[in-house]
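Per chain, numbering begins at 1; letters A, B, ... match sequence-line order.
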2 protein chains.
Amino acid sequence: MVVYQDSHSQTVDLSDDEVDRIFRALADATRRDIVRRTLTEEATISHLADHYEMSFAAVQKHITVLEGAGLVSKHRSGRERRIRGNPEAVQKAQHLLNAYERIWQGRIDRLDALLADE
Amino acid sequence: MVVYQDSHSQTVDLSDDEVDRIFRALADATRRDIVRRTLTEEATISHLADHYEMSFAAVQKHITVLEGAGLVSKHRSGRERRIRGNPEAVQKAQHLLNAYERIWQGRIDRLDALLADE
DNA sequence: TTGATATACAACCATTTGGTTTCACGTTAG
DNA sequence: CTAACGTGAAACCAAATGGTTGTATATCAA
């Protein structure tokens, strides 16, 4: 379990599994590209699939992984499904990395205190 | 390939593979914990292994994954290897996520411009 | 010197991942 | 109505992942 404070000083909890899924989903160039594209504008699955040298079904699977991580969501529109990137999930990942940053900064602060003592 | 500008306006390039490895390495709770611990202070492999309910060899493998992603480095000290977290690799990941943030922000800006035109 | 400790590494195994092809089904266009 | 389209989902496969145990090697302590 991970706990951090967001920009409004709200405490946010993320299970290890949720964090695993977010980083796992981002660990693939095709999936990162899908997130990038759908953050700026929605796209259908087959439209996305046109951009990659793999089968439609493979792209579909990547989208399933991204959806499981909350990085994109699907919205029905007739026979199409529009895929929309979710900036909040990206922010979650950012907050997690910020926490590491603070941990590291904490070490520096303690080092400074140590040096100040001498 | 990913390109972003760091805090000193330096252009930084990361191969897709490198980005893959960083996020992949962070997609495991044990590995994230190792990074967290070694960012504040160095630790030997066996000392780290004491904290997890898995074999020494399994922890060793996790450290190899982290090392491959540049998130930690090993430093020989007699028969021990001290593991040290690398904040720069964490920052790389942060920069990548910041890029997504800017992409998303760009969409908002364009929307604002569109509304301003009306 | 000898025994314990710290690490490295290989071999093995089950599960997951990332891809494929194929088929089914609802929706839209003509 | 019928054909084409967009999607979902199953079955299958090779490779990667995450774990294990076992063995080898180097170093430290007594």
Side-chain angles (χ1 to χ4, degrees), chain A residues 15-38 41-85 93, chain B residues 15-38 41-85 93:
Chain A
S15 72
D16 281 343
D17 274 359
E18 190 174 354
V19 180
D20 284 5
R21 280 195 297 271
I22 291 175
F23 283 128
R24 189 84 189 65
L26 290 171
D28 179 283
T30 302
R31 288 196 291 258
R32 286 192 300 275
D33 196 65
I34 291 173
V35 170
R36 187 181 60 73
R37 294 188 123 92
T38 57
E41 56 183 339
E42 291 185 1
T44 66
I45 302 179
S46 41
H47 178 69
L48 286 170
D50 289 341
H51 294 87
Y52 312 108
E53 297 198 336
M54 66 185 71
S55 68
F56 170 84
V59 175
Q60 220 176 0
K61 281 192 181 184
H62 281 307
I63 289 170
T64 301
V65 171
L66 288 168
E67 197 183 15
L71 282 160
V72 306
S73 53
K74 290 188 198 173
H75 304 273
R76 181 168 218 132
S77 167
R79 66 179 157 181
E80 297 179 341
R81 291 298 181 91
R82 312 197 67 80
I83 309 301
R84 183 187 306 165
Chain B
S15 72
D16 281 344
D17 275 358
E18 189 174 354
V19 180
D20 284 6
R21 280 194 298 271
I22 292 175
F23 282 127
R24 189 83 190 64
L26 290 172
D28 180 282
T30 302
R31 290 197 290 259
R32 286 192 300 275
D33 196 65
I34 291 173
V35 171
R36 187 181 59 73
R37 295 187 121 93
T38 58
E41 57 183 337
E42 290 185 4
T44 66
I45 303 179
S46 41
H47 178 70
L48 285 169
D50 289 342
H51 294 87
Y52 312 109
E53 297 198 336
M54 66 185 70
S55 68
F56 170 84
V59 174
Q60 219 176 359
K61 281 193 181 182
H62 281 307
I63 290 170
T64 300
V65 171
L66 289 169
E67 198 183 13
L71 283 160
V72 306
S73 53
K74 290 187 199 173
H75 303 273
R76 181 168 218 132
S77 167
R79 66 180 156 180
E80 299 178 339
R81 292 297 181 91
R82 312 197 66 80
I83 308 301
R84 183 188 305 165

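- Residue B/Arg76 places its side chain closer to D/dT27 than to any other of D/dT27, C/dG19, C/dG18.
- Here C/dC9 presents its P atom at 10 Å from CD of B/Glu67, a figure rounded to the nearest Å.
- With distances taken from any side-chain atom of A/Asp28 to the nucleotides C/dG18, D/dG19, D/dT17, the minimum falls on C/dG18.
- In this structure, B/Glu53 places its CD atom 14 Å from C1' of D/dG19, rounding to the nearest Å.
- A distance of 7.5 Å separates OG1 of B/Thr44 from CG of B/Asp50, quoted to the nearest 0.5 Å.
- For A/Thr44, the side-chain atoms get nearest to D/dT7 when compared with the rest of C/dA6, D/dT7, D/dA9.
- Atom CG of A/Leu48 and atom C1' of D/dG8 are 16 Å apart (whole Å).
- Here the P atom of nucleotide D/dG22 and the CZ atom of B/Phe56 are 16 Å apart, to the nearest Å.
- C/dA8 atom P lies 8 Å from atom CD1 of B/Ile63, rounded to whole Å.
- Going from atom CD of A/Gln60 over to atom P of C/dC23 covers 17 Å, rounded to whole Å.
- Looking at B/Arg81, its side chain never comes within 3.5 Å of a backbone N or O of B/Lys74 through a donor-acceptor pair.
- At least one donor-acceptor pair closer than 3.5 Å links the side chain of B/Arg31 to the backbone N or O of B/Ala25.
- Between B/His47 and B/Ala43, the closest heavy-atom pair is CD2-CB, 3.9 Å.
- Looking at B/Ser77, its side chain never comes within 3.5 Å of a backbone N or O of B/Glu80 through a donor-acceptor pair.
- To the nearest angstrom, P of D/dG6 lies 6 Å from CZ of A/Arg79.
- In this structure, B/Ser46 reaches the sugar-phosphate backbone alone: every heavy-atom distance under 4.0 Å involves primed, P, OP1 or OP2 atoms, never a base.
- In this structure, A/Arg21 places its CZ atom 20 Å from P of D/dT17, rounding to the nearest Å.
- Contact check, A/His47 against D/dG6: no side-chain N or O comes under 4.0 Å of OP1 or OP2.
- Among C/dT17, D/dT20, C/dT20, the nucleotide with an atom closest to any side-chain atom of B/Lys61 is D/dT20.
- Annotation: of the two residues near DNA chain C, A/Ala57 and A/Ala27, the 5′-most nearest-nucleotide partner is A/Ala27.
- Counting any heavy atom pair closer than 4.0 Å across all strands shown, B/Arg82 reaches no nucleic acid atom.
- In this model, no side-chain donor or acceptor of B/Arg81 finds a partner on the base of C/dT7 within 3.5 Å.
- Closest approach to the A/Arg24 side chain among C/dA6, C/dT17, D/dT20 is made by C/dT17 (side chain taken as heavy atoms from C-beta onward).
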